[in-house]
Structure formats: structure tokens, C-alpha cells
Amino acid sequence: MSASSTLEESPLARKVRTADQAISRLRTYNLVAGSLHLVQAIGFASVLTLLTSQVTFAVTADYLAGPPGVPLPAERVVLFDVNVGVGVVAFLALSALFHFLISSPWFFPATRPD
């Protein structure tokens with residue numbers, strides 16, 4: 001029995017896959033990850049609807065209040081507020097969308113069934 005045949009029979013040996021097998025596994029991984037992100041987005045959105053108050057952060061801009069060289073405090077203007085929960089749900093939903101897009105046959109035209 002040679003060393004190469006022992007290596008091929010070992011359960012710890014690294015399996016060599018073809019490019020088509022690797023893409024198939026990657027597509028499966030993306031489908032699973034997209035499904036998990038979609039479940040997280042739906043779950044988090046349902047929890048957000050139950051909350052009475054949500055966390056928001058203000059997006060601000062500072063403008064000079066006087067002539068250059070005068071040590072006056074800057075004038076701070078609130079541009080808009082960002083709801084953190086809605087941002088998290090949007091991020092998870094976009095992540096799920098792009099996982100599904102990457103695993104679709106349109107992204108890999110060479111693997112499309114003919």
C-alpha cells in the first residue's frame with residue numbers, strides 16, 4: 001500500500017473538487033446564507049413593530065457661524081434622523097437579496113441549465 005493511496009482513503013484528507021462542484025457548493029452556501037438573512041430580517045422587523053420607542057441617531061452638519069479666524073462655536077444643524085432598527089432590517093434584507101442574486105442562474109451563465 002503506497003502513501004498516496006493511504007492519503008486518498010483518509011477521512012481527514014482534503015477533497016479535490018472540480019470548478020463545477022466548487023461553484024455548486026458556493027451556490028448552496030449562498031442560498032443558505034440568503035435564507036438565514038431573510039429569516040433574520042423578517043424576525044427583526046416583527047420585533048420592531050412591537051416596540052413603542054425606537055433608537056434614532058441624528059445626522060448633523062456643522063457650519064461656521066462667523067468670519068474666519070473668530071473663535072465662535074460652530075452652528076450645528078440636524079439634517080435628518082436615522083432609525084437604527086429600520087437600517088438593520090434594510091441591511092439584512094439587502095444582504096438576503098444579493099445572496100439570492102449571486103446564487104441565481106443569471107449570475108453564473110455558464111452553469112445555467114440548457
Side-chain angles (χ1 to χ4, degrees):
M1 185 155 77
S2 68
S4 64
S5 66
T6 307
L7 182 62
E8 291 170 0
E9 295 171 4
S10 171
L12 299 177
R14 186 175 179 154
K15 189 172 184 179
V16 178
R17 294 183 173 87
T18 65
D20 289 336
Q21 289 172 334
I23 288 173
S24 175
R25 287 175 54 90
L26 186 60
R27 289 178 73 187
T28 303
Y29 169 77
N30 277 309
L31 285 172
V32 169
S35 299
L36 289 175
H37 282 137
L38 185 61
V39 167
Q40 287 176 329
I42 292 169
F44 198 71
S46 64
V47 168
L48 279 178
T49 59
L50 300 175
L51 296 177
T52 56
S53 65
Q54 297 186 13
V55 177
T56 59
F57 288 116
V59 176
T60 61
D62 290 341
Y63 297 105
L64 293 177
V70 178
L72 294 175
E75 180 182 344
R76 179 162 289 170
V77 177
V78 176
L79 301 175
F80 55 90
D81 291 331
V82 175
N83 186 327
V84 175
V86 172
V88 169
V89 169
F91 174 78
L92 289 169
L94 278 174
S95 181
L97 173 74
F98 286 115
H99 275 293
F100 291 138
L101 180 68
I102 287 174
S103 63
S104 71
W106 296 282
F107 192 82
F108 290 107
T111 60
R112 248 189 250 172
D114 292 332

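Counting all heavy atoms, side chain and backbone alike, P105 lies closest to R27 at N-NH2, 3.6 Å. When every heavy atom of A41 is checked against every heavy atom of L92, the shortest pair comes out as CB-CB, 3.7 Å. Between A65 and P73, the closest heavy-atom pair is CB-O, 3.5 Å. In this structure, H99 and A33 approach most closely via the heavy-atom pair CE1-CB, 3.7 Å. Nearest heavy atoms, T49 versus S46: OG1-O, 2.6 Å.
A side-chain donor-acceptor contact under 3.5 Å links S104 to the backbone of L101. The backbone N or O of L31 lies less than 3.5 Å from a partner atom in the side chain of S35, making a donor-acceptor pair.
With contacts defined as side-chain heavy-atom distances shorter than 4.5 Å, the pair L51/L48 qualifies.
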Under 3.5 Å, which donor-acceptor pairs do the side chains of residues 55-63 form with other protein atoms, sequence neighbours left out?
residue : atom : partner : partner atom : Å
D62     : OD1  : R76     : NE           : 2.9
D62     : OD2  : R76     : NH2          : 3.1

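If you take CD on Q40 and CZ on F91, they are separated by 10.0 Å, rounding to the nearest 0.5 Å.
Linking Ile, Leu, Val, Met, Phe, Trp and Tyr residues whenever their side-chain heavy atoms come within less than 4.5 Å places I42 and F100 in a single cluster.
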